[in-house]
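Notes to accompany the following structure.
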Number of protein chains: 2
Amino acid sequence: MITWGMIGNMSQVTRRRTGPSKGDLREAAILEAARALFTERPYESITIDDLAGGAGISRTSFYFYFPTKTAVLTALMARVGDELAASHVWFDAEGPAAGLLREQLAASARLWRDNAGILSCAASAMATSPELREFVGRVRTRYDERAAEKIRRDQAAGTATTAIAAHRLAEMISAIRDARYEQLAGASDDELREAVDDLTEAISRLVYGRA
Amino acid sequence: MITWGMIGNMSQVTRRRTGPSKGDLREAAILEAARALFTERPYESITIDDLAGGAGISRTSFYFYFPTKTAVLTALMARVGDELAASHVWFDAEGPAAGLLREQLAASARLWRDNAGILSCAASAMATSPELREFVGRVRTRYDERAAEKIRRDQAAGTATTAIAAHRLAEMISAIRDARYEQLAGASDDELREAVDDLTEAISRLVYGRA
DNA sequence: ACAAAAATCGACACCGCGTCGATAGTGTAG
DNA sequence: CTACACTATCGACGCGGTGTCGATTTTTGT
């Protein structure tokens, strides 16, 4: 929670930690209530009143912490986005590197499954919220660009085929990944592995022409 | 427009055609107003009042023809779905048949571009409307099943590779197709052709391992 | 011309959103 | 320790869109 008071104290570097303020706790409570609600009910059916109630405050108080319902969702999504950015081992490799590709996919698949509720809510909310749409778009673009770079390197090296432009291939990868992950809501570890296998194979074929 | 009067007259096979009733015309007017509005404004911003106004009736009268806004959109989508079902030349072919695949993709790409407004509205509305979600799901499943059958035949014949299950390949095809088509809103014929080329190549690689 | 069915609309209640202003709590500088 | 600024809470209000009801008018077939 950012307040004007803090700005006044910016210069005073070493000041007694007072622990999280009451407001910080409330904010966390809202986030937690939202995580719970978003994972067990369709996004549209959740009202700001539900969020506030879940955090133990009145509806109007909610607005003190977040301007909209989607702002809460965006905050939740930001965490997921950060975690996602951590598992990009394949992008730094050279050539097909099927093992690393599989590893990277496995990590993101797990992340997706564990946050399925939030992610599917985000998919719903993007229809209504330009804010969220832009946020997700940025994350996605950043991912696609790293993928495109990797592919471009391999195309230059002659390992990847060149009939399709690198950035188009990157988009296709995102498309099949997202489509498959969307079905991963309550999936078992076996189903997870199947998805990863299929995607590893498919991406290898798309980019290198052979698995 | 189906009325109780018609049901009473079912047996009377040869009866004077009276032409479309007033109600039929209104219904058509609503559909037309909807098509216009859906193609020029974001779905969420369009109100039932807009639809009614566009058709020259009051908001309450709208409910005489359609129960909800999404029902109108579903009706519009049904037409597009029918047109789509017509262009499945590749599904009946044997082996890669890149020419027919390209032909089929070109037809659907054109259809998509010409109905971009409606289709992107549908994408938005699926978040809120289970009815529309189910409708689109059925169309999509039917398409995927035909694709899967075609692939299964080619797998049996040995032309298609078998590392990925046929229905999974079909899903992937739908995913990359939809993702690419979504960018086709105001596209030129050249851009259309590029998209078709990329998709032909990608699908060939996914299913047969080589272009 | 007449009755039945089709079609229209105003009035009403509902729900969720967002704002405003009044008020109670909290920490900190003088 | 007190006074002041900032933090936090909430009730009351108005808005806009939805959907229903019942009364009324228009169309339609015979």
Side-chain angles (χ1 to χ4, degrees), chain A residues 1-12 14-30 33-34 37 41-73 124-125 128-129 131, chain B residues 1-30 34 37 41-73 124-125 128-129 131:
Chain A
M1 153 139 294
I2 295 166
T3 64
W4 290 109
M6 290 171 66
I7 292 173
N9 288 328
M10 283 301 201
S11 53
Q12 194 176 339
T14 52
R15 99 182 144 90
R16 191 113 173 57
R17 297 272 331 293
T18 349
S21 73
K22 200 179 174 189
D24 288 325
L25 294 174
R26 286 293 195 213
E27 192 174 321
I30 292 173
L37 284 169
R41 278 208 282 151
Y43 179 73
E44 332 292 332
S45 81
I46 296 165
T47 160
I48 291 186
D49 205 50
D50 294 334
L51 260 29
I57 55 178
S58 75
R59 190 176 65 84
T60 14
S61 290
F62 169 91
Y63 290 102
F64 186 77
Y65 298 99
F66 295 95
T68 58
K69 195 170 51 159
T70 44
V72 180
L73 185 52
S124 293
T128 25
S129 162
E131 174 205 357
Chain B
M1 152 140 292
I2 294 167
T3 64
W4 290 109
M6 290 171 65
I7 292 173
N9 288 329
M10 284 302 201
S11 54
Q12 194 177 338
V13 180
T14 52
R15 102 183 143 87
R16 192 117 171 58
R17 299 265 347 271
T18 347
S21 71
K22 197 183 175 188
D24 288 325
L25 294 174
R26 286 292 194 214
E27 192 174 320
I30 292 173
L37 286 168
R41 278 207 282 150
Y43 180 73
E44 332 292 331
S45 82
I46 296 165
T47 161
I48 291 186
D49 205 50
D50 294 333
L51 260 28
I57 55 177
S58 75
R59 190 177 64 83
T60 12
S61 291
F62 169 90
Y63 290 101
F64 185 79
Y65 298 99
F66 295 95
T68 58
K69 194 171 49 158
T70 44
V72 181
L73 185 52
S124 294
T128 25
S129 161
E131 173 206 358

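Quantities reported herein were computed from a predicted structural model and do not represent experimental measurements. Lettering follows sequence order; numbering is per chain, from 1.
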Atom-pair distance (CG on A/Leu25; P on C/dT26), nearest Å: 13 Å
A/Tyr65 vs D/dT9: side-chain N/O to OP1/OP2 distance below 4.0 Å: yes
Proximity to the side chain of B/Ser61 - top-ranked nucleotide from C/dG10, D/dG19, C/dT8: C/dT8
Nearest-0.5 Å distance that lies between atom CD1 in A/Ile57 and atom OH in A/Tyr65: 6.0 Å
Closest listed nucleotide, where the reference is the side chain of B/Phe64 and the choices are C/dA6, C/dC17, C/dC9: C/dA6
Rounded distance in Å - CD (B/Glu44) to P (D/dG17): 13 Å
Nucleotide nearest B/Thr60 when distance is taken to its side chain, options C/dA11, D/dT18, D/dC10: C/dA11
From CG (B/Leu73) to CZ (B/Phe66), nearest 0.5 Å: 11.0 Å
Under-3.5 Å donor-acceptor pair between A/Arg59 side chain and C/dG18 base: yes
Sole residue of A/Ile48, A/Leu51, A/Asp50 in side chain to side chain contact (heavy atoms under 4.5 Å, CB included) with A/Arg59: A/Ile48
Reported CZ-to-CZ distance for the pair B/Arg26 and B/Phe62, which is rounded to 0.5 angstrom: 13.5 Å
Touch class at under 4.0 angstrom, heavy-atom based, for B/Thr47 against every strand present: sugar-phosphate
Minimum-distance nucleotide to A/Tyr63 side chain [options: D/dC10, D/dT18, C/dT19]: C/dT19
